[in-house]
Amino acid sequence: MKGRWATYVTTGALLALLAGCSSKPTDRGQQYIDGKIDQPLTLVNQPNAKGRPVNGKDFGDQVSEIRFASSSLYRKQSDTYSAIENWLLSGGDTRQLRLFGLDAYQMEGVDNYGNVQFTGYYTPVIEARYTRQGEFQYPLYRMPPRSKGRKLPSRAQIYGGALDDRYIIGYSNSLMDNFIMDVQGSGYVDYGDGRPLMFFGYAGKNGWAYHSVGKELIDRGEVKREDMSMQAIRAWADRHSPQEVRELLETNNSFVFFKPENFTPVRGASAVPLIAKAAVAADRSLIPPGTVLLAEVPLLNQDGKFTGKYEMRLMVALDVGGAIKGQHFDIYQGIGPEAGHMAGFFNHYGRVWVLRAAPGTGSTLFSNAQNGHNGAMLVNASQ
């Protein structure tokens, strides 16, 4: 899904840089129990983590989707998937990964203390009509052709009618709903005619730079940084006029186009259907598609506040996003309002270990070890 260039989600607006924080805040799940980590990925004997994965079934379902949707991707990771399956069947004790031929590479996090950033994205469902009528006044667009050497119109120009009507694929009743689907990169559309929902997959962008409207509101002093979330952006929009909302959204020149498809599963950039909370968007330059992550994820309450508790999850990198760089993952939360509620709040930190089949089990070393990508050689912590 997202096509997922649009995982800008709340990330650009919510990025809370930890580097250099002398106070070492912990209100968003930051942990400092392991000391500094010197490499982006460090091989450890066993994760310093408590508990067993809570989502073994969902992880298994996600691996099944990979097997059926992308045999080539599955083959690249099949040794790891098989080893993890055996490990889970034995109870999923993190202290026993090596007994099942699995190496764990801890990620250094955004601050070199292992604090990896988690945000969330989801698949919205919006109301629309085929023609402009009543409250349904806001166009949704398919991808127009590109002229060589010329940019497509900016968001403000598109809102002003710069694109021909033949590229319109529906009219919604909320410009903000359109924008949220734009940011998420895809969504389901209910045309109100009794037919199954239409999936609007990612078709492309206009090529303009992305600017976070959340950051815009923070810079204006209209929303506090610590209070920023998708819910906060919606609440701001509810308090302001349609013209003011449009002006805010126009500060982001980037615009996403959609491709309508008959009801189909939500797919990531790897063309694999996504299972909620078992799939993430990741930075491909660091985490190759299909990579398995053992993640210690902070638990939030219904108000988006950190509860002080964590749960272990197994997730697979199957998507990408424009704002997902480095030590940062965007967790797919699912479809509809409830998923959107949690996705809008998520901007917290936990720990992550990349799991790979150990050498000698039919798998090669993690590609970063071979290539020295970004200087990130894998170092055995026991040495």
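Y32 and Y113 have their aromatic ring centers within a separation under 6.0 angstrom. Taking the six-membered ring wherever Trp is involved, the centroid distance between the rings of Y332 and Y121 falls below 6.0 Å.
No donor-acceptor pair under 3.5 Å is formed between the side chain of D319 and the backbone N or O of A281. A distance-only check finds no donor-acceptor pair linking the side chain of D330 to the backbone of V280 [under 3.5 Å]. Counting only distance, with no hydrogens or angles, the side chain of Q117 and the backbone of V110 share no donor-acceptor pair below 3.5 Å. With hydrogens and angles ignored, the 3.5 Å screen pairs a side-chain donor or acceptor of S212 with a backbone N or O of K215. Formation of a donor-acceptor pair under 3.5 Å by the Q184 side chain with backbone atoms of F179 is not found in this model. With hydrogens and angles ignored, the 3.5 Å screen pairs no side-chain donor or acceptor of T291 with any backbone N or O of I287. With S172 contributing its side chain and A128 its backbone, the two residues share no donor-acceptor pair below 3.5 Å. Between the side chain of R142 and the main chain of F258, no donor-acceptor pair closer than 3.5 Å is present. For the pair N252 (side chain) and V213 (backbone), a donor-acceptor distance under 3.5 Å is absent.
T42 OG1 to W353 CH2: the interatomic distance, rounded to the nearest 0.5 Å, is 12.5 Å. Atom CG of D27 and atom NE2 of H348 lie 7.5 Å apart (nearest 0.5 Å). The structure places CG of D34 at 13.0 Å from CG of N112, a figure rounded to the nearest 0.5 Å. Considering CZ of F136 and CZ of R129, their distance stands at 3.5 Å, rounded to 0.5 Å. A distance of 7.0 Å separates CG in L97 from CG in L294, rounded to the nearest 0.5 Å. Note that CZ of R52 is 15.5 Å distant from CD of E311, once rounded to the nearest 0.5 Å.
Looking at Y159 and R155, their side chains do bring a donor and an acceptor atom within 3.5 Å of each other. Looking only at atom types and distance, the side chain of N115 has no donor-acceptor partner in the side chain of Q31 under 3.5 Å away. Neither side chain, H211 nor S254, offers a donor N or O lying under 3.5 Å from an acceptor on the other. Using modelled atom types, one finds no donor on one side chain facing an acceptor on the other under 3.5 Å when comparing Q96 with Q46. A donor-acceptor pair shorter than 3.5 Å cannot be found between the side chains of N301 and T307.
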Under 3.5 Å, sequence neighbours excluded: what are the donor-acceptor pairs made by side chains of residues 83-91?
residue: N86; atom: ND2; partner: S82; partner atom: O; Å: 3.4
residue: W87; atom: NE1; partner: D93; partner atom: O; Å: 2.7
residue: S90; atom: OG; partner: W87; partner atom: O; Å: 2.7

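Contact between R220 and W236 at its shortest, heavy atoms only, is NH1-CZ2, 4.4 Å. When all heavy atoms of W208 and Q157 are compared, the closest pair comes out as CZ2-OE1, 4.3 Å.
Salt-bridge annotation for D303 and K305: absent, with no side-chain N of the basic residue lying under 4.0 Å from a carboxylate O of the acidic one. In summary, R67 and E65 do not engage in a salt bridge, as defined by a charged side-chain N under 4.0 Å from a carboxylate O. Using a 4.0 Å cut-off between charged nitrogen and carboxylate oxygen, K36 and D111 do not count as a salt-bridge pair.
Aromatic ring pairs are classed by plane angle as parallel below 30°, tilted from 30° to 60° and perpendicular above 60°; the pair Y191 and F200 is tilted.
You'll find the side chain of Y167 stays beyond 4.5 Å of the side chain of F257, heavy atoms only. Contact of the L140 side chain with the I168 side chain is not registered, since no non-hydrogen atoms from C-beta on lie closer than 4.5 Å. Y105 has its side chain out of reach of L293: every pair of non-hydrogen atoms, C-beta onward, lies at least 4.5 Å apart. Side-chain atoms of M176 and R234, non-hydrogen and from C-beta on, do get closer than 4.5 Å to each other. Proximity of I169 to K259: side-chain heavy atoms (C-beta onward) are nowhere separated by under 4.5 Å. M107 has its side chain out of reach of I37: every pair of non-hydrogen atoms, C-beta onward, lies at least 4.5 Å apart.
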| said: V189 vs L197, test: side-chain contact (heavy atoms from CB on, under 4.5 Å). Steps then yes/no. | reply: CA-CA 6 Å; V189 173; L197 301 182; over 6 Å; no
| said: Run the side chain to side chain donor-acceptor pair (under 3.5 Å) test on Q133 and T131 for me, step by step, so that the C-alpha distance in whole Å, both residues' side-chain angles and the decisive distance to 0.1 Å come before the verdict. | reply: CA-CA 6 Å; Q133 54 186 276; T131 60; 3.0 Å; yes
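Heavy-atom neighbours of E222 CD from other residues, nucleotides or ligands within 6.0 Å: above the threshold of 12. Within 6.0 Å of atom CZ in R95, 12 or fewer heavy atoms from other residues, nucleotides or ligands are found, so the atom counts as exposed in its surroundings. Counting non-hydrogen atoms of neighbouring residues, nucleotides and ligands closer than 6.0 angstrom, the CG atom of D164 exceeds 12 such neighbours. The 12-atom threshold is exceeded at NZ of K151, counting heavy atoms of other residues, nucleotides or ligands nearer than 6.0 Å.
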